[in-house]
Protein chains: 2
Amino acid sequence: MGWEASLPERVKIRDVARAAGVAVGTVSRVLNDHPTVTEPVRSRVRAAIAEMGYERDSVAQSMRGGSTHLVACAIRDFDIPRFALFIKEAERVLREAGYTLLLSSTTNSPEVEMALLRACAARRVDGVMTTISDESHPGVIDALHAAPMPVLLIDRDHLPELDRVTADHAAGAEAATRHLLQLGHRRIALLVGDTKAAPSRSRVEGFRRALAPAVPDAHLLRDRVLTSEDAFRETMALMSLAEPPTAIFVAAMDMLGGCLRALRALGLRVGEDVSLVSGSDSELAELYAPPVTAIAWDLAEMGRHAATMLLERMRGEAPDTGRALKLPTTLVVRQSCRAIP
Amino acid sequence: MGWEASLPERVKIRDVARAAGVAVGTVSRVLNDHPTVTEPVRSRVRAAIAEMGYERDSVAQSMRGGSTHLVACAIRDFDIPRFALFIKEAERVLREAGYTLLLSSTTNSPEVEMALLRACAARRVDGVMTTISDESHPGVIDALHAAPMPVLLIDRDHLPELDRVTADHAAGAEAATRHLLQLGHRRIALLVGDTKAAPSRSRVEGFRRALAPAVPDAHLLRDRVLTSEDAFRETMALMSLAEPPTAIFVAAMDMLGGCLRALRALGLRVGEDVSLVSGSDSELAELYAPPVTAIAWDLAEMGRHAATMLLERMRGEAPDTGRALKLPTTLVVRQSCRAIP
DNA sequence: TGGCGCCGGTGAAACGTTTCATATCAAACG
DNA sequence: CGTTTGATATGAAACGTTTCACCGGCGCCA
């Protein structure tokens with residue numbers, strides 16, 4: 001293999017210095033583009049570096065300097081396909097700024113989240129962007145505040161002292177619900193994720209706001225829909241009620257598939273037998289027959305901004321107070337909702 | 001914020017030693033569970049660690065020890081939704097083994113890939129799992145061999161001296177093509193990605209094998225389909241041919257959406273006007289109307305095995321020769337293919 | 001020509017851990 | 001009782017870089 005036995009004895013700054021006939025400090029100054037080094041020396045050192053294939057050891061660099069140029073991103077579950085866009089853009093921005101992305105799953109557990117923050121501190125990670133699963137968990141909140149590096153929250157809005165990027169889920173949910181109301185729907189079911197976290201709570205809030213002064217039927221409000229199977233099960237249950245809903249607003253992220261599977265299993269036609277709005281847009285929503293009305297927002301932009309804000313904060317260019325960016329959501333009206341008498 | 005000005009002066013091993021009234025070396029031995037520490041000393045040190053909230057600095061640890069417990073994963077593009085499953089499982093296995101995943105996009109460029117390997121060396125990353133965009137690029141091949149850490153290839157099979165996990169795309173493509181042939185199709189279009197890399201080449205190979213002794217019509221063979229827009233464009237072009245194909249095998253990963261968009265734009269019905277097979281399975285394929293016949297393989301298992309094999313290699317538990325794991329593909333027959341006279 | 005300031009370069013300390021040779025001490029043994 | 005042995009703990013070196021106090025020599029001015 002090459003990497004196991006006969007390690008070619010990594011070349012270090014000392015070897016370069018010896019080869020170039022200068023002191024190690026001088027090589028370091030060349031590497032870091034210090035002005036106080038004369039041209040002949042600089043090029044001699046550069047030549048030695050090139051010839052010997054020297055590569056800086058960033059562990060040693062971090063050891064001395066402090067910064068690791070590592071940024072951690074932690075979310076509940078990577079296989080939420082839409083989140084890939086967030087990560088992709090965040091990684092791009094960070095990479096172009098010389099940072100490396102470190103990815104970790106929180107598995108939706110406060111304990112894991114606390115462990116993660118500790119691990120980031122131990123690794124001297126320069127910055128963290130993360131969701132958190134339970135906004136009122138004191139341990140996690142303490143850990144966030146005690147973190148020795150800047151933390152940016154993804155889609156969480158309850159800690160004004162931290163930077164955060166969110167999508168306007170309340171407005172999205174309100175618009176979706178109004179859309180259904182205008183079409184004459186009164187029995188509207190809502191599927192959301194964990195209401196311990198902002199997105200689901202905001203969606204419920206927007207839902208209630210649109211319904212007011214009427215209040216939602218408790219039977220039609222289902223939370224803790226976290227997996228595709230949950231969505232399948234809840235949809236089955238909803239449509240088996242004595243008085244089933246005339247419309248389903250499947251607001252939990254990427255749960256449309258589970259819902260559609262259930263409707264298919266029940267032999268119900270979307271748009272005909274039950275109207276449908278998805279809380280997040282996807283190719284599936286776009287290309288399904290009929291195409292499914294959905295709430296859309298720009299996850300790539302969200303990732304881009306998250307990375308940018310975190311970079312500013314790490315560089316100390318940000319104000320003392322936490323900054324909030326709330327991205328707009330839009331309702332993409334398609335053909336999955338029918339007017340009812 | 002807490003992290004900016006008044007850093008609470010991180011507690012180090014020396015402070016713990018002083019508090020416990022022992023030498024730093026002793027604290028280190030307690031931390032690393034060395035047997036040569038008496039119980040009273042051990043518990044005294046443990047108490048001091050707990051009380052002071054000491055946390056090991058893993059940068060310093062790596063500095064001295066060598067291992068960073070970092071594993072890099074690099075693929076072309078994260079927003080290939082199916083790959084999230086791979087990453088998710090790989091991350092889980094690695095995390096449970098005490099490693100942290102470092103994620104990077106290669107942007108399908110050999111230069112970036114070479115830079116990435118150098119950066120991994122500089123960071124003293126313990127292992128790398130990666131795709132590579134051009135299997136015959138000498139620079140990348142040299143870099144792979146010169147890498148000072150184990151490298152595992154994802155879905156690449158051309159370097160027998162390296163570990164690798166692949167899916168049997170050739171068999172999948174062959175099965176899909178036979179399926180279409182049996183239904184009477186003769187003009188079958190194939191959309192694949194970059195044939196500089198194994199998956200696309202294997203798919204073409206399986207396609208040819210099924211067709212033999214007939215040879216594919218060059219007009220119906222489209223490679224370099226890398227984005228959804230490419231798939232859209234190529235599908236439009238194919239169906240506008242004087243003699244359009246009766247079936248499309250959209251074998252490039254996650255390109256089904258683009259293809260379906262084009263067919264919809266042309267007003268062509270899947271199954272009726274043109275048969276369709278997708279080279280990778282997805283919710284879209286499963287739930288589309290009609291459901292789309294697709295080639296499936298277990299990406300989660302692929303990620304799991306990749307991580308496991310890399311862990312074994314890093315621990316030196318693997319044989320000297322590169323190991324290959326080829327996951328089977330299955331053809332999930334749905335209703336997107338019609339028999340033709 | 002001698003003193004001074006300045007430029008370019010040097011060498012060592014420091015970062016926080018692990019490890020290794022060494023010191024200490026009690027028990028065991030002749 | 002003196003010596004060996006074995007078990008624990010100690011202190012310093014080492015990891016590879018950056019930085020900083022310092023030094024030699026050069027040109028400039030008196």
Side-chain angles (χ1 to χ4, degrees), chain A residues 7-46 48-49 52-70 98 119 121-126 148, chain B residues 7-46 48-49 52-70 118-119 121-126 148:
Chain A
L7 307 165
E9 200 53 53
R10 194 181 169 132
V11 33
K12 12 200 142 175
I13 205 173
R14 193 180 306 131
D15 306 322
V16 175
R18 198 176 314 124
V22 297
V24 284
T26 305
V27 178
S28 175
R29 274 156 51 234
V30 170
L31 285 169
N32 296 291
D33 283 325
H34 277 249
T36 70
V37 49
T38 181
E39 195 37 49
V41 175
R42 185 183 299 274
S43 56
R44 198 146 40 97
V45 170
R46 287 251 165 82
I49 288 175
M52 310 181 75
Y54 167 76
E55 190 90 34
R56 231 198 204 80
D57 181 328
S58 45
V59 172
Q61 202 173 14
S62 305
M63 178 76 211
R64 172 68 223 232
S67 163
T68 54
H69 286 246
L70 242 34
R123 279 208 184 278
R124 293 207 213 152
V125 163
D126 287 346
Chain B
L7 306 165
E9 199 53 50
R10 192 180 170 135
V11 34
K12 16 201 136 173
I13 204 173
R14 193 178 306 133
D15 306 322
V16 174
R18 198 176 314 124
V22 297
V24 284
T26 305
V27 178
S28 175
R29 274 156 51 234
V30 170
L31 285 169
N32 296 291
D33 284 324
H34 277 249
T36 69
V37 182
T38 56
E39 195 38 47
V41 174
R42 186 183 299 274
S43 55
R44 198 146 40 98
V45 170
R46 287 252 166 82
I49 288 175
M52 311 183 73
Y54 168 76
E55 190 90 33
R56 232 199 205 78
D57 181 327
S58 47
V59 172
Q61 203 173 14
S62 304
M63 177 78 211
R64 171 70 222 229
S67 163
T68 53
H69 286 244
L70 243 31
R118 275 202 308 278
R123 279 209 184 277
R124 295 207 213 152
V125 162
D126 287 346

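This one's a predicted model, so the numbers in the text were calculated from it and none came from an experiment.
- The minimum heavy-atom distance linking B:L70 with A:R123 is given by the pair CD1-CZ, 3.5 Å.
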For this session: Step by step, work out the side chain to side chain contact (heavy atoms under 4.5 Å, CB included) result for A:D33 and A:R42.
Result: CA-CA 9 Å; A:D33 283 325; A:R42 185 183 299 274; 4.0 Å; yes

Contact list (N/O, under 3.5 angstrom) for nucleotides 21-28 of chain C vs protein:
none

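- Proximity of A:L31 to A:I49: side-chain heavy atoms (C-beta onward) are separated by under 4.5 Å at one or more points.
- Looking at every heavy atom in both residues, B:S67 comes nearest to B:S62 through O-OG, 3.2 Å.
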For this session: Encode nucleotides 9-18 of chain D as B, S and - characters from 5' to 3', where the letter depends on protein heavy atoms closer than 4.0 Å: B to the base, S only to sugar-phosphate, - to neither.
Result: BB--BBBBBB

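- In this structure, the CG atom of B:D33 is 16 Å from the C1' atom of C:dT19, given to the nearest Å.
- Remark: side-chain polar atoms of B:S58 are paired, donor with acceptor, to backbone N or O of A:A122 under 3.5 angstrom.
- A salt bridge between B:D57 and B:R14 is absent, with no side-chain N of the basic residue lying under 4.0 Å from a carboxylate O of the acidic one.
- B:V24 places none of its side-chain heavy atoms less than 4.5 Å from the side chain of B:V16.
- Looking at A:N32, its side chain never comes within 3.5 Å of a backbone N or O of A:H34 through a donor-acceptor pair.
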